[in-house]
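Written below as structure tokens is the structure these notes are about.
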Amino acid sequence: MKNLVLVLFKIGLVLFLALGVALVLAQAVGLVAGSPGLVSGAVSALGLAMTVSAGVTGLLGFLMSYLFHWKTGED
């Protein structure tokens, strides 16, 4: 169970970070090109997937704290 959650956490982390980078790059291109449709379209296309994957990854991280018996104040 621990290994599965850890793998899913890592996949989710890479997924939402990659989606975030893609979103920011698309918005930067839209900003440079002067295309407000590209800036807002990037959020419409990638925003929901990025937010959901970040939320699921956060919940998996919370679950990992119980599975791995993490204590507060530990490094």
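Residue numbers start at 1 and run along the sequence shown. As the structure is a prediction and not an experimental result, all values here were calculated from the model.
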If Ile, Leu, Val, Met, Phe, Trp and Tyr residues are connected whenever their side-chain heavy atoms lie under 4.5 Å apart, and connections chain through other members, are L19 and V43 in the same group? yes

How far does CG of L17 sit from OG of S53, to the nearest 0.5 angstrom? 8.5 Å

Find out if a path of hydrophobic residues (ILVMFWY) with successive side-chain heavy-atom gaps under 4.5 Å connects L48 to V56. yes

What's the separation between atom CG in L4 and atom CG in L67, rounded to the nearest 0.5 Å? 10.0 Å

Any donor-acceptor pair under 3.5 Å from S35 side chain to L31 backbone: no

Just wondering, are more than 12 heavy atoms of other shown residues or ligands nearer than 6.0 Å to OH in Y66? no

Using the rule that two of Ile, Leu, Val, Met, Phe, Trp, Tyr join whenever any of their side-chain heavy atoms come within less than 4.5 Å, decide whether M1 and F9 are in one cluster. yes

Decide whether V5 and F68 are clustered together by the hydrophobic rule: side chain heavy atoms of Ile, Leu, Val, Met, Phe, Trp, Tyr closer than 4.5 Å, transitively. yes

Starting from the C-alpha separation in whole Å, work towards a yes-or-no answer on side-chain contact (heavy atoms from CB on, under 4.5 Å) for L15 and M50. CA-CA 8 Å; L15 180 65; M50 181 185 64; over 6 Å; no

Point-to-point distance, once rounded to the nearest 0.5 Å, from CE of M64 to CG of L59: 12.5 Å

Atom pair CD/CG of Q27 and L23 - distance to nearest 0.5 Å: 4.5 Å

Do L8 and W70 share a hydrophobic cluster, counting only Ile, Leu, Val, Met, Phe, Trp and Tyr and linking them when any side-chain heavy atoms are less than 4.5 Å apart? yes

Criterion side-chain contact (heavy atoms from CB on, under 4.5 Å) against F16, the qualifying member of V52, I11, T51, T57: T57

d(L63 CG, L6 CG) to nearest 0.5 Å is 11.0 Å

